[in-house]
Amino acid sequence: MDKAPTIRVQVEDFDLQTEIDALTNGQRDIGAVVSFTGLCRDDKGALAALELEHYPGMAEAEMLRIAQEAAERWPLNGVTVIHRYGKIEPGENIVLVVAASKHRQAAFDGASFMMDFLKSKAPFWKREIRKDGSESAWVDARDTDEEALKRWR
Amino acid sequence: MDKAPTIRVQVEDFDLQTEIDALTNGQRDIGAVVSFTGLCRDDKGALAALELEHYPGMAEAEMLRIAQEAAERWPLNGVTVIHRYGKIEPGENIVLVVAASKHRQAAFDGASFMMDFLKSKAPFWKREIRKDGSESAWVDARDTDEEALKRWR
Amino acid sequence: MVKLIYFAWIRERIGKSEEDIELPDNVKTVGDLIAHLKQRGDGYEVALEVPEVIHVAINQEHSQHSDIIGDAREIALFPPMTGG
Amino acid sequence: MVKLIYFAWIRERIGKSEEDIELPDNVKTVGDLIAHLKQRGDGYEVALEVPEVIHVAINQEHSQHSDIIGDAREIALFPPMTGG
């Protein structure tokens, strides 16, 4: 990978086009860019916000390890991984992964791989803050997220 | 799918964050948005631009058919497909596909499916305009694009 | 009368982007149409030299060479697509 | 001395976010550490009740319960991650 991965853990929101422009700028051999945006979802209408806690230092280190692993497995021109923390309301962005490559399959696979590993390996924890003021609850890890890792072995 | 697909064939560039905001705006049950951006690539440094020709009417109709097929196969909350035509220089955007869903796998699969079908089924043709002024050449279809369709059968 | 539309190098070789023609009674299928057009002159002959790579859309929907033309209003002929 | 850091409901149950402790000589592995901590009081006992779900990072890298602690400077204990 010509370009060092962009890794950020931040409170602020991000702008996807700005991030992609920063990633592709000046490179004429990128044909495909795949982005994944994870948003705060509220199925039942009961959620006021998610509160995201993280492990400063290790979060960035783990995101970088995941990005580098993706770049070793697929011919990627560049990757960006951004994860927000703090209070995030329904409809707001939580996470962004971008993978740029010459061809589309590597970009899709690289982005999908990074998301699967972020879900299970990046040290972030979500707590639900409810509209009715009832005690907030930590979000349980989903077994399907562990399962998702197996296809990359 | 709650929302009708957004389908556009246009000369103008697009802004990814604007398109995603339009797609997700007001929906609180979207957890995952996957976008694919296809860019004009110039590996050898010889390309001045691509000139894209399309079949007006059928291009939009075919893009809509592909979007609807994706929405039948995966639980998608919304999709956007935009394809540019006219003269496009290296580094510029050509095509955008966005798929929104509750969970990430449906969004990844939906976007990947739409791109594979757009490549082989949407009536667009690329011609290379070279820097040295030599005669421009139509881009050949790649066998791998036909191959890519087989995995969705 | 049916409207024929040509794209990309098929348009260039035939030398026009569209035309209205009357189909003879013996032209039933897309394959028949391609064979018929090849007799209309050198440009057509060169454009349609390899029928296997000619894609055809009837009323803006992809068709097979074995498909019946029926009362199509618009038939488009074009090479393999290279969008996306 | 090693710095222990706790996150999410492990932090809440233990009642502190970090502490420096001296490891006894018989604490060699991550599993030994968890067993040792469980004896430090009710909060630890509840927090570490099901060792199988406790994730541990040594010097900010994921570790197995069978891993040797060695001369780690920083060990973090946390529940399964739910980011992304």
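All values below come from the heavy atoms of this structure, side chains included, with hydrogens, waters and symmetry mates left out. Each chain gets a letter, A, B and so on, in the order its sequence line appears, and its residues count up from 1.
For a residue to count as touching a neighbouring chain, one of its non-hydrogen atoms must lie under 4.5 Å from one of that chain's; by this rule Glu19(A) does not touch chain B. Contacts between Lys102(B) and chain A at a heavy-atom distance below 4.5 Å involve backbone atoms as well as side-chain atoms. For Ile94(B), no part lies under 4.5 angstrom from a heavy atom of chain A. Both the backbone and the side chain of Ala111(A) come within contact range of chain B, with heavy atoms under 4.5 Å apart.
The candidate with the highest count of non-hydrogen atom pairs below 4.5 Å against chain A, out of Asp116(B), Leu47(B), Thr18(B), Thr144(B), is Asp116(B). Considering only heavy-atom pairs separated by less than 4.5 Å from chain A, the leading option among Asp29(B), Val98(B), Val33(B) is Val33(B). Put simply, of Ala148(B), Ser35(B), Ser112(B), the one with the most heavy-atom pairs under 4.5 Å next to chain A is Ser35(B). Counting heavy-atom pairs closer than 4.5 Å to chain B, the top-ranked of the candidates Ile30(A), Thr24(A), Ile20(A) is Ile30(A). Interface check for chain A: of the options Gly45(B), Gly38(B), Ala100(B), Pro90(B), the most heavy-atom pairs under 4.5 Å are formed by Pro90(B).
The number of heavy-atom neighbours closer than 6.0 Å to NZ of Lys87(A), taken from other residues, nucleotides and ligands shown, is 12 or below. Sparse packing is recorded around CD of Glu135(A), with 12 or fewer heavy atoms of other residues, nucleotides or ligands lying under 6.0 Å away.
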Report task. Check the pair Arg104(A), Asp145(B) against side-chain contact (heavy atoms from CB on, under 4.5 Å), reporting the backbone distance first and the verdict last. Result -> CA-CA 10 Å; Arg104(A) 69 188 183 285; Asp145(B) 288 332; 3.1 Å; yes
Requested in this report: Would you sort out whether Arg41(B) and His103(A) count as a side-chain contact (heavy atoms from CB on, under 4.5 Å), showing the intermediate values?
Outcome: CA-CA 10 Å; Arg41(B) 191 160 52 85; His103(A) 299 296; 3.2 Å; yes
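Checked by atom type and distance alone, the side chain of Gln17(B) never pairs as donor or acceptor with a backbone atom of Gln17(A) at under 3.5 Å.
The aromatic rings of Phe108(A) and Phe36(B) lie parallel to each other, their planes meeting at an angle below 30°, with 60° marking the opposite boundary.
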